[in-house]
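Have a look at the structure below before the remarks.
Predicted, not measured: the structure shown is a model, and the values here were computed from it.
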Amino acid sequence: MIDLSCDLGEASTDSERETEARIWPLIASANVACGGHAGNRDSMTYAARQARQLGVHLGAHPSFPDRENFGRKPMVIAPEDLLTSLADQIATLRRIAGREGVDLRFVKPHGALYNQAHRDRALAATIVAAMRQVDPALAIVAPAASQMAVAARTAGTSVIAEAFADRRYEPTGELVARGTPGALLTVDEAAGQAEHLVREGIAIARDGTRVPIEFDTVCIHADMERSVERLMAIRARLGMQ
C-alpha cells in the first residue's frame with residue numbers, strides 16, 4: 001500500500017475548500033492545520049468528520065503562531081512559548097477529533113517551522129517535547145535524515161519518513177526553496193517523481209542526480225495550482241485507480 005498524504009484544513013475561499021473536498025477521497029493520510037497558520041474549530045471538525053467517513057489517517061499540522069504570513073516566515077520565539085503554542089494547537093485538534101470518534105495519529109510541522117527544524121536540533125526537540133506533552137504515542141512526520149527525526153528517535157517518538165511528489169529536490173536530499181524557478185513540479189513531473197520514489201526509492205534532483213529518499217508517506221500540497229489533477233495523475237501512474 002502506498003500512503004499518499006496531503007496538507008489540508010488550510011482553505012480560506014470557497015474555491016480552495018472545493019479543492020480540498022476533492023482531495024480527501026484520494027489520500028490515505030491528512031495533515032490538518034490546527035490554528036497556528038490556518039484553520040479553526042469548524043475546519044478541524046470538518047477534517048475529523050472526513051477522516052472518519054473516508055478512513056483517512058488524521059494528523060496535526062502545527063506551525064509558528066503566525067497567521068499573517070501563513071507560517072512561512074522564520075520566527076524568533078522563546079522555546080517555552082513555542083512549546084506552549086504547538087502543544088495547544090495539537091491538543092485542540094486532538095480534542096475535536098476525539099469528539100468525532102477519530103484518533104489523532106501523528107504531527108507534521110508546517111512551513112518555516114518544518115524547514116528550520118530540519119537542521120536545528122534544539123527547535124526539533126521543542127517540537128517533539130510539545131507532541132509528547134499532548135500524547136507520547138503521536139508520531140512525527142519528517143524527512144528521514146532531518147534533525148526532527150533525530151530528536152524524535154532520541155525521545156522514543158516514532159518517525160514517519162516523508163517524501164514529496166510535487167517538490168523538486170536538491171542533490172543533498174533537501175527541497176529546492178519554493179521561490180526558486182522549477183521548485184514546484186508540473187503534473188507530469190510530479191507523477192514521474194512519485195513513480196521514481198515508489199519503484200526505485202529515489203528522486204531526480206535538479207542537477208540530474210539520483211538521490212536516495214527514504215519514506216513511509218508521499219506528500220502533495222493542496223495549495224499548489226492543479227493539485228487535484230496532480231494527485232490523480234500520481235495515482236494513475238502508480239496503478240492506484
Side-chain angles (χ1 to χ4, degrees), residues 1-33 38 50 54-57 59 61 70-72 108-112 114-115 118 141-146 160-241:
M1 295 296 292
I2 301 160
D3 187 275
L4 291 180
S5 57
C6 188
D7 303 338
L8 293 170
E10 298 175 332
S12 60
T13 67
D14 288 343
S15 176
E16 291 171 350
R17 282 186 280 273
E18 180 182 351
T19 294
E20 290 201 359
R22 294 175 63 195
I23 285 173
W24 274 100
L26 302 175
I27 60 173
S29 297
N31 314 301
V32 174
Q50 289 289 90
L54 297 170
V56 173
H57 295 161
H61 197 36
F70 201 69
R72 285 187 174 151
K108 175 190 169 180
H110 165 79
Y114 183 100
N115 293 336
H118 184 92
V141 177
S146 68
I160 298 171
E162 182 177 44
F164 292 88
D166 55 8
R167 296 285 304 278
R168 199 173 306 280
Y169 280 89
E170 297 280 8
T172 60
E174 297 179 271
L175 295 177
V176 173
R178 254 186 186 259
T180 305
L184 310 182
L185 301 187
T186 67
V187 170
D188 288 341
E189 288 172 339
Q193 179 148 295
E195 186 170 25
H196 279 303
L197 286 166
V198 171
R199 311 293 186 211
E200 303 176 64
I202 61 103
I204 307 299
R206 65 171 171 167
D207 67 350
T209 304
R210 294 168 63 88
V211 183
I213 305 290
E214 179 183 342
F215 70 93
D216 302 302
T217 186
V218 177
C219 181
I220 67 104
H221 292 88
D223 62 350
M224 284 173 56
E225 187 177 355
R226 300 178 70 188
S227 57
V228 175
E229 186 178 348
R230 189 176 287 102
L231 184 52
M232 292 178 69
I234 289 167
R235 291 179 61 91
R237 186 73 63 91
L238 298 179
M240 298 176 68
Q241 294 183 339

Exceeds 12 heavy-atom contacts within 6.0 angstrom, atom CZ of Arg22 | no
Closest heavy-atom pair, Val56 versus Ala30, reported as atoms and distance to 0.1 Å, is CG1-N, 3.7 Å
Phe70 backbone acceptor or donor facing His110 side chain under 3.5 Å | yes
Distance-only criterion, 3.5 Å: show the donor-acceptor pairs between side-chain atoms of residues 191-204 and protein atoms not counting sequence neighbours.
unit_1	atom_1	unit_2	atom_2	d
Gln193	NE2	Phe164	O	2.7
Gln193	NE2	Arg167	O	2.7
Glu195	OE1	Arg237	NH1	3.3
His196	ND1	Glu200	OE2	3.0
Glu200	OE1	Arg210	NH2	2.4

What pairs with Thr180 under side chain to side chain donor-acceptor pair (under 3.5 Å), at least two apart in sequence or on another chain?
-> none
Side chain to side chain donor-acceptor pair (under 3.5 Å) against Thr217, all qualifying residues, sequence neighbours excluded | Asp3, Ser5
Ignoring hydrogens and angles, tell me if any N or O in the side chain of Ser227 forms a donor-acceptor pair with the backbone of Ala222 under 3.5 Å.
-> yes
Those residues that, when tested against Phe215, pass ring pair (Phe, Tyr, Trp, His ring centres under 6.0 Å) (two or more places apart) | none
Taken in chain and number order and not counting sequence neighbours, the residues that satisfy salt bridge (charged side-chain N to carboxylate O under 4.0 Å, His left out) with Asp14 are Arg17
Would you find more than 12 non-hydrogen atoms of other residues, nucleotides or ligands less than 6.0 Å from Glu214 atom CD?
-> no
Which atoms form the tightest heavy-atom contact between Val218 and Ala165, and what is the distance?
-> CG1-CB, 3.7 Å
Does the side chain to side chain contact (heavy atoms under 4.5 Å, CB included) test come out yes or no for Gln50 and Glu20, once each step is laid out?
-> CA-CA 11 Å; Gln50 289 289 90; Glu20 290 201 359; over 6 Å; no
With sequence neighbours left out, write down each residue that passes side chain to side chain donor-acceptor pair (under 3.5 Å) with Glu189, or none if nothing qualifies.
-> Arg168, Thr186
Counting N and O atoms only, with roles assigned by atom type, does the side chain of Glu174 sit under 3.5 Å from a partner on the main chain of Glu170, one being a donor and the other an acceptor?
-> no
Is there a donor-acceptor pair under 3.5 Å between the side chain of Asp216 and the backbone N or O of Ala161?
-> yes
Looking only at heavy atoms, the pair that brings Arg235 and Leu26 closest together is NH1-O, 2.9 Å
